[in-house]
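Comments concern the structure below.
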Number of protein chains: 2
Amino acid sequence: MKLSLRGDYALRALIVLAENYDRGIVRIQTISEQQGIPKRFLEQILNDVKSGGFVESRRGIAGGYQLARPPEQITLAALIRYVEGALVALPLDTEGGRKGARPDANQLAIRSVMKEVRESILQVLEHITLADLCERARKLRHDDTSLDYVI
Amino acid sequence: MKLSLRGDYALRALIVLAENYDRGIVRIQTISEQQGIPKRFLEQILNDVKSGGFVESRRGIAGGYQLARPPEQITLAALIRYVEGALVALPLDTEGGRKGARPDANQLAIRSVMKEVRESILQVLEHITLADLCERARKLRHDDTSLDYVI
DNA sequence: GTTGATCTTGATTTTCTCGATGGAGATTAC
DNA sequence: GTAATCTCCATCGAGAAAATCAAGATCAAC
């Protein structure tokens, strides 16, 4: 499971939105500057995430984005699956050698393994919400700043 | 975790080799025809897998490939990691916004999640060997042929 | 030494990803 | 109403990676 740069950006942006969930709308530019994400690219990503129902937007001069639901109700499983596509994927059989659609036993065996892997990943990601991610980031921030003084 | 076509081919080829482990060497062409894999491409793949120490080859007119170890001793974790690279990967930070190398708290939080995912995947793949895959394929073949008569 | 297989290397084709661009639509401030 | 500022939408291009093809070198068996 590889998280693309796009997916990484999406997650980081949503963490910012989660941190500001009670404060309301956040502008794209704010997120862009804070996280070092190209603004135009972030527009696309958030727009896509909005189609998935994870965030809401408001246009105009006081516009921006905010989470559509409380961060406790957004699991990473749903989020990553939407942004990245399938969590674990096999290549579509462009050919099976024969008349098309029938995978052979070896392919099916591999598929069954991948299914187990997917289940296992889901076990992890379904129990981590955006709120959890926020909490982790908050703790890490504390660890980090305390380390800063040491150095 | 996405299995590339290359990785899929590698696994399927090694399943064939595992099935013929006691019968000795198998030619590339045999695997190629049986699994519908482009022969030239398969050459590269098996050659690569050989560098990883998973298979041995013999040249010449009676040449071909065979597993370097019994199929019970080859785990999918080792195999897939070698063929596909990292099981779970984050994009390398091309930039952090600042002077280079320091990821912020959000990135670290995401990283910690990905670490958990990786552990979870390993739990699955380390307990499945090529021999297991063979066994699954064998069973599936039986199910499949019995289904054929129904249709 | 001929044959048939792997080995090696490189070129080519295809596909995906990242990110930029330009403009259209919406909303608020004045 | 007008201007400013933001989201929205579609497209496009560079670059990288994946997949495939191709040709010559090397080696073993007969």
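In this text, all values refer to a predicted model and were calculated from it rather than measured experimentally. Hydrogens, waters and symmetry mates are skipped; everything else that's a heavy atom, side chains included, is used. Naming convention: chains lettered A, B, ... in sequence-line order (proteins, then strands); numbering from 1 in each chain.
- In this structure, A/Ala68 and A/Glu56 approach most closely via the heavy-atom pair CB-CG, 3.8 Å.
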Protein-to-nucleotide contact annotation, 5' to 3' order, nucleotides 11-16 of chain D [B base; S sugar-phosphate only; - none; under 4.0 Å, heavy atom]:
B-----
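- Within the 4.0 Å cut-off from OP1 or OP2 of C/dC18, not a single side-chain nitrogen or oxygen of A/Tyr9 is found.
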Quick one, A/Gln123 with A/Glu119, criterion side-chain hydrogen bond (donor to acceptor under 3.5 Å, both in side chains). Give me CA distance, side-chain angles, the key distance, then yes/no.
CA-CA 6 Å; A/Gln123 278 295 319; A/Glu119 292 301 324; 5.8 Å; no
Could you list all N or O pairs between the protein and nucleotides 22-28 of chain C that sit under 3.5 Å apart?
from   : atom 1 : to      : atom 2 : distance (Å)
C/dG22 : N7     : A/Arg40 : NH1    : 3.3
C/dG22 : N7     : A/Arg40 : NH2    : 3.4
C/dG22 : O6     : A/Arg40 : NH1    : 2.8
C/dG25 : N3     : A/Arg59 : NH1    : 3.4
C/dA26 : O4'    : A/Arg59 : NH1    : 2.8
C/dT27 : O2     : A/Ile61 : N      : 3.4

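- For B/Leu3 and D/dA18, the CG to P distance is 12 Å, given to the nearest whole Å.
- If you take CG of A/Asp48 and P of D/dA10, they are 12 Å apart, rounded to a whole angstrom.
- Between D/dT7 and A/Asn47, no contact under 4.0 Å exists linking OP1 or OP2 to a side-chain N or O.
- In this structure the side chain of A/Ile31 reaches within 4.5 angstrom of the side chain of A/Leu46, judged on heavy atoms.
- In terms of heavy-atom proximity, B/Ile25 sits nearest to B/Gly63 at CG2-O, 3.5 Å.
- For A/Ile80 against B/Met114, the heavy-atom pair with the smallest separation is CD1-CE, 3.9 Å.
- At whole-Å resolution of the value, CZ in B/Arg6 and C1' in D/dT20 are 11 Å apart.
- Between B/Ser4 and D/dA19 there is a side-chain polar atom (N or O) within less than 4.0 angstrom of OP1 or OP2.
- A salt bridge does not link A/Lys2 with B/Glu84: every distance from a Lys NZ or Arg NE/NH1/NH2 to an Asp or Glu carboxylate oxygen is 4.0 Å or more.
- Distance A/Ile31 CD1 to D/dC6 P: 13 Å, rounded to the nearest Å.
- When all heavy atoms of A/Glu116 and B/Ile128 are compared, the pair lying nearest together is OE1-CD1, 3.8 Å.
- Using a cutoff of 4.0 Å between basic side-chain nitrogens and carboxylate oxygens, B/Asp132 and B/Arg136 are not scored as salt-bridged.
- C/dT13 atom P lies 17 Å from atom CZ of B/Phe41, rounded to whole Å.
- Atom P of nucleotide C/dT17 and atom CG of A/Asp8 are separated by 15 Å, given to the nearest angstrom.
- Proximity of B/Lys39 to the phosphate of D/dT20: no side-chain N or O atom is located under 4.0 Å from OP1 or OP2.
- Rounded to whole angstrom, the span from the CD atom of B/Gln29 across to the C1' atom of C/dA5 amounts to 10 Å.
- Here the P atom of nucleotide C/dT6 and the NZ atom of B/Lys50 are 11 Å apart, to the nearest Å.
- Closest contact between the side chain of B/Ile28 and the listed nucleotides D/dT20, C/dA20, C/dT6 involves C/dT6.
- Of the options A/Leu67, A/Thr129, A/Leu17, A/Val55, a side chain to side chain contact (heavy atoms under 4.5 Å, CB included) to A/Ile74 is made by A/Leu67 and by none of the others.
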